[in-house]
Protein chains: 2
Amino acid sequence: MKLNTLSRKQEIYRTAAKLFKEKGYSAVTMRDLAAAVGIKAASLYNHITSKQQILSEIILDIAEQFTEGIDAIVDRDTDTITKLKEVIAQHIILTTDNPYGMAALNNDWMHLEGKLDHYLDLRTRYENKFRSIVLEGKESGELKDVNTEILLYSILTTLRNLYLWIPKKGELQKDVLIKELSVTLLQGVEK
Amino acid sequence: MKLNTLSRKQEIYRTAAKLFKEKGYSAVTMRDLAAAVGIKAASLYNHITSKQQILSEIILDIAEQFTEGIDAIVDRDTDTITKLKEVIAQHIILTTDNPYGMAALNNDWMHLEGKLDHYLDLRTRYENKFRSIVLEGKESGELKDVNTEILLYSILTTLRNLYLWIPKKGELQKDVLIKELSVTLLQGVEK
DNA sequence: AAATGTAACTAACAATTGTTAGTTTTGTAG
DNA sequence: CTACAAAACTAACAATTGTTAGTTACATTT
């Protein structure tokens with residue numbers, strides 16, 4: 001009973017994330033979502049409380065995982081390169097787990113309304129921790145002396161948009177992807 | 001008369017692109033757009049033919065510029081690294097010119113309806129040309145032997161999302177950005 | 001001054017939106 | 001087999017959507 005409810009609820013959340021990825025939050029109607037789940041729109045409200053809340057839950061769940069993850073990485077007692085590789089690995093793992101949610105996080109965060117401030121806090125915190133890793137690496141001489149913001153932006157953008165790309169490759173093996181992407185991002189492509 | 005009409009029309013297009021960037025195409029109403037321009041919604045239709053057409057014009061205009069640009073670069077008689085730098089430069093220049101339009105291109109292309117096929121054609125053509133440059137560089141030994149798709153995805157994603165970033169830096173000087181981003185993307189960040 | 005064309009306006013439309021109320025079906029526990 | 005709760009349904013709501021029709025204000029050309 002509780003099990004059945006949960007799985008129906010989760011089915012709604014997962015379907016919603018998928019639709020949000022395809023058309024964006026605003027373009028997905030509750031009737032679309034209901035049809036995709038195989039019920040009528042009004043029946044959705046036996047399981048969820050509002051469209052808003054679906055979005056908030058999808059996005060904040062992921063955002064919190066990222067923030068917790070980078071907090072742990074920053075505190076680790078290793079060199080900068082290892083930390084950067086761990087950040088890359090975390091992105092690949094979380095994106096593989098939930099590519100549709102990642103799409104919503106990237107594209108629909110501005111529709112969070114009540115939870116928007118909380119989301120922006122998490123994002124700023126994440127970016128600051130990332131920046132602190134980079135600055136550390138530049139001080140220690142592990143990283144080149146390129147513009148910090150350019151470096152930061154360039155890597156972070158690639159990682160944030162993995163969701164566009166990961167589902168296409170039918171298992172390019174997580175491990176291989178982590179290794180190859182680390183090389184590409186950290187060491188470049190020019191021989 | 002014709003001049004005045006054009007500038008009002010262009011004001012609408014530019015304002016629309018800005019709003020599309022902030023909230024996405026579906027979340028922007030014709031009343032939002034009208035208010036931002038300072039008139040009533042119905043008056044918009046003295047200048048434009050539909051909401052759809054505003055989006056199509058914004059996106060396809062840019063998409064065609066990119067396609068024409070890369071066609072020219074591919075045909076150039078230079079080495080691969082130079083070609084890649086030219087692709088990077090093109091992205092920076094076009095994004096600086098029209099960051100809001102770039103946002104619409106990236107996030108709202110799926111709402112193109114009638115023009116969707118044409119857009120997808122242009123995009124595929126662009127990606128294929130980009131890939132041909134990369135493959136050429138790997139054959140000639142100018143590029144490392146990393147996975148082609150990873151390399152392609154990683155660079156292209158960074159370039160496509162420059163719009164998120166370029167308006168923030170109050171003139172990080174186009175030239176400097178082109179040079180620094182080329183180094184970061186091609187040679188990596190690890191010392 | 002008369003005529004013309006552009007661009008604004010008000011009012012309204014049919015369709016669609018998220019959501020609620022009230023009712024019926026369905027599956028399970030006693 | 002009965003009772004009950006979970007989850008589906010139908011019907012409807014008030015608000016909002018893109019767009020059209022018809023009208024008015026304004027400037028420029030005759």
Side-chain angles (χ1 to χ4, degrees), chain A residues 1-59 104 107-116, chain B residues 1-59 104 107-116:
Chain A
M1 162 244 277
K2 197 72 175 291
L3 264 181
N4 215 327
T5 302
L6 271 187
S7 96
R8 187 55 134 180
K9 188 173 178 177
Q10 282 177 338
E11 187 193 359
I12 292 173
Y13 276 76
R14 252 177 263 154
T15 307
K18 196 169 188 170
L19 294 180
F20 291 166
K21 186 202 164 181
E22 285 165 15
K23 319 171 45 177
Y25 174 76
S26 304
V28 175
T29 71
M30 295 306 274
R31 286 165 181 81
D32 290 339
L33 176 55
V37 171
I39 59 178
K40 292 299 167 80
S43 306
L44 289 172
Y45 291 82
N46 285 319
H47 307 280
I48 56 109
T49 70
S50 70
K51 190 189 180 191
Q52 253 310 297
Q53 186 230 33
I54 296 178
L55 184 70
S56 299
E57 205 142 318
I58 290 173
I59 291 181
N107 303 320
D108 290 318
W109 58 267
M110 69 284 277
H111 300 116
L112 279 176
E113 303 188 1
K115 299 287 180 61
L116 180 57
Chain B
M1 162 245 280
K2 197 68 175 290
L3 265 180
N4 214 324
T5 301
L6 271 187
S7 96
R8 186 55 134 178
K9 187 172 179 178
Q10 281 176 340
E11 188 195 358
I12 292 173
Y13 276 76
R14 252 177 267 153
T15 307
K18 195 169 189 170
L19 294 180
F20 291 167
K21 186 202 165 183
E22 283 164 15
K23 320 173 39 177
Y25 173 76
S26 304
V28 175
T29 71
M30 296 306 276
R31 286 164 181 82
D32 290 340
L33 176 55
V37 170
I39 60 179
K40 292 300 167 80
S43 306
L44 290 171
Y45 290 84
N46 285 319
H47 306 280
I48 55 109
T49 70
S50 72
K51 191 188 178 190
Q52 250 314 294
Q53 186 230 31
I54 296 178
L55 184 70
S56 299
E57 206 143 318
I58 290 172
I59 291 181
N107 303 320
D108 290 318
W109 57 267
M110 69 284 277
H111 300 116
L112 279 175
E113 302 188 0
K115 298 286 179 63
L116 179 59

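Being a predicted model, the structure only gives us computed values, none of them experimental. Numbered from 1 within each chain, the chains take letters A, B, ... in sequence-line order.
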Side chain to side chain contact (heavy atoms under 4.5 Å, CB included) partner of Leu33(B), the single match among Ile48(B), Leu19(B), Ile39(B): Leu19(B)
Counting distance alone, no hydrogens or angles: does the base of dA8(D) have a donor or acceptor under 3.5 Å from a partner atom on the side chain of Asn46(A)?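 By the distance-only test, yes, there is a pair.
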N/O (side chain, Arg8(B)) to phosphate O (OP1/OP2, dT6(C)) under 4.0 Å: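 Looking at the OP1 and OP2 atoms of dT6(C), neither is under 4.0 Å from any side-chain N or O of Arg8(B).
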Below 4.0 Å: OP1/OP2 of dA8(C) and any side-chain N or O of His47(B):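 Answer is yes, contact under 4.0 Å.
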Measuring from atom [atom1] of [X] to atom [atom2] of [Y], what distance do you get when rounded to the nearest 0.5 angstrom?
{"X": "Glu22(A)", "Y": "Met110(B)", "atom1": "CD", "atom2": "CE", "value": "9.0 Å"}
{"X": "Leu112(B)", "Y": "Gln52(B)", "atom1": "CG", "atom2": "CD", "value": "7.0 Å"}
{"X": "Asp108(B)", "Y": "Ser56(B)", "atom1": "CG", "atom2": "OG", "value": "11.5 Å"}

The contact string for nucleotides 10-25 of chain C, one letter per nucleotide 5' to 3', using protein heavy atoms under 4.0 Å with B, S and - for base, sugar-phosphate only and none, comes out as BBB----BBBBB----
If I take atom CG in residue Leu44(A) and atom P in nucleotide dA6(D), what distance separates them, rounded to the nearest angstrom? 18 Å
Backbone N/O of Leu55(A) and side chain of Lys115(A): donor-acceptor pair under 3.5 Å: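 Side chain of Lys115(A) to backbone of Leu55(A), a donor-acceptor pair under 3.5 Å: no, none is there.
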Any donor and acceptor pair, going by atom type alone, linking the side chain of Lys23(B) with main-chain N or O of Ser26(A) inside 3.5 Å? no
